[in-house]
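Predicted, not measured: the structure shown is a model, and the values here were computed from it. Position 1 is the first residue of the sequence, and the numbers go up from there.
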Amino acid sequence: MDVRKTDRREYLASELDAYAHWFVAPDPSTGGHFLALTLFAEFSDTARMARDMTGAFLRGVGADQIVDDAQLVVSELVGNVVNHVVPDRCLALPDGGRRIDVTFKMWPKWLFIGVADEDSTPPLLPVGETFSPRLVGELSEAVLPSTGRGLLIVQRLATSVWWTPEDRGGKTVWCRFDLDGGSEGESPS
């Protein structure tokens, strides 16, 4: 029983430490790295540019082990903006492009990725299992949800996923990857 309590305390301390780091920009002297990109949804290669910049940034800071998963996550989040976002009236400009801001915050233990858009509508994050794993082999298309598949992929690859409203309007969808020495995203029972 004491081992479970100790494991739980260590897990909670790790989660609180990661949460505290999410609020600030990384300091390069502590091994941290930061990158912010602005893209526009109307260009045909927006998702490809986001994937390419994700790979270049992560390879440049030595996080090669997470490149493929992070590229897929960024591609899904940017694709959601391109395909689904309608800017809030206060942010929409006539004939203006829909702005997508992608933020990377990396420490030796964590990578945070944020994708901001101009729509205040909360994302529909999937909750729990949306289908029976036993049915996947035979009826995969039939049992997949009609919406939220991209965010389901993001939830499966990242340690955690959440969103925050922006003061100016819009929102940011965030995800966290735990790197060397981080928790694996599962709390002890």
Side-chain angles (χ1 to χ4, degrees), residues 1-35 54-55 57-59 61-80 102-116 121-140 142-167 171-189:
M1 189 70 151
D2 289 333
V3 172
R4 285 178 54 168
K5 285 183 179 181
T6 301
D7 288 349
R8 181 75 177 153
R9 283 188 188 127
E10 288 174 6
Y11 170 77
L12 291 174
S14 173
E15 289 296 301
L16 288 172
D17 194 20
Y19 185 70
H21 282 80
W22 166 63
F23 281 105
V24 296
D27 179 359
S29 68
T30 63
H33 301 278
F34 181 84
L35 177 68
T54 300
F57 172 72
L58 293 175
R59 285 185 191 97
V61 299
D64 297 28
Q65 77 278 12
I66 198 78
V67 169
D68 291 338
D69 288 350
Q71 283 181 311
L72 181 54
V73 162
V74 167
S75 182
E76 290 294 339
L77 294 176
V78 168
N80 282 349
V102 183
T103 304
F104 300 92
K105 297 179 181 184
M106 193 177 117
W107 282 265
K109 288 176 67 174
W110 308 283
L111 168 64
F112 297 94
I113 300 173
V115 176
T121 306
L124 297 173
L125 296 172
V127 178
E129 295 294 332
T130 57
F131 53 87
S132 170
R134 292 176 297 190
L135 296 176
V136 174
E138 298 172 19
L139 306 168
S140 59
V143 297
L144 285 174
S146 60
T147 61
R149 286 177 283 203
L151 288 173
L152 185 63
I153 291 169
V154 172
Q155 283 185 324
R156 294 292 189 240
L157 294 176
T159 303
S160 60
V161 180
W162 69 100
W163 71 280
T164 57
E166 297 296 325
D167 292 338
K171 66 180 170 300
T172 302
V173 177
W174 292 95
C175 65
R176 184 184 92 218
F177 288 91
D178 289 347
L179 306 173
D180 300 53
S183 68
E184 295 301 319
E186 294 180 22
S187 67
S189 302

Separation between OG1 (Thr54) and CG (Leu35), nearest 0.5 Å, reads 8.5 Å

The residue among Asn80, Leu151, Leu77 that forms side chain to side chain contact (heavy atoms under 4.5 Å, CB included) with Pro123 is Leu151

| request: Under the side chain to side chain contact (heavy atoms under 4.5 Å, CB included) rule, what do Gln71 and Leu58 come out as? Steps first, then yes or no, please. | output: CA-CA 10 Å; Gln71 283 181 311; Leu58 293 175; over 6 Å; no

Looking only at heavy atoms, the pair that brings Trp163 and Pro122 closest together is CZ2-CB, 3.4 Å

CZ of Phe57 to CG of Leu111, rounded to nearest 0.5 Å, is 7.0 Å

Nearest heavy-atom contact between Val154 and Cys175 is CG1-CB, 4.3 Å

(message) Check the orientation of Trp174 and Trp162. Use parallel for under 30°, tilted for 30 to 60°, and perpendicular for over 60°.
(response) parallel

Using modelled atom types only, decide if a donor and an acceptor are shared between the side chain of Thr6 and the backbone of Asp2 within a distance under 3.5 Å. yes

- Test Met106 against Leu179 for side chain to side chain contact (heavy atoms under 4.5 Å, CB included), laying out the working first. CA-CA 9 Å; Met106 193 177 117; Leu179 306 173; 4.1 Å; yes

For Val61 and His33, the nearest pair of non-hydrogen atoms, with its separation, is CG1-CG, 3.3 Å

Is the backbone of Gly114 close enough, under 3.5 Å, to the side chain of Thr172 for a donor and an acceptor to pair up by distance? no

(request) Kindly assign one of parallel, tilted or perpendicular to the pair Trp110 and Phe112, based on the angle between their ring planes and the thresholds 30° and 60°. (result) tilted

Separation between CZ (Arg176) and NZ (Lys109), nearest 0.5 Å, reads 9.5 Å

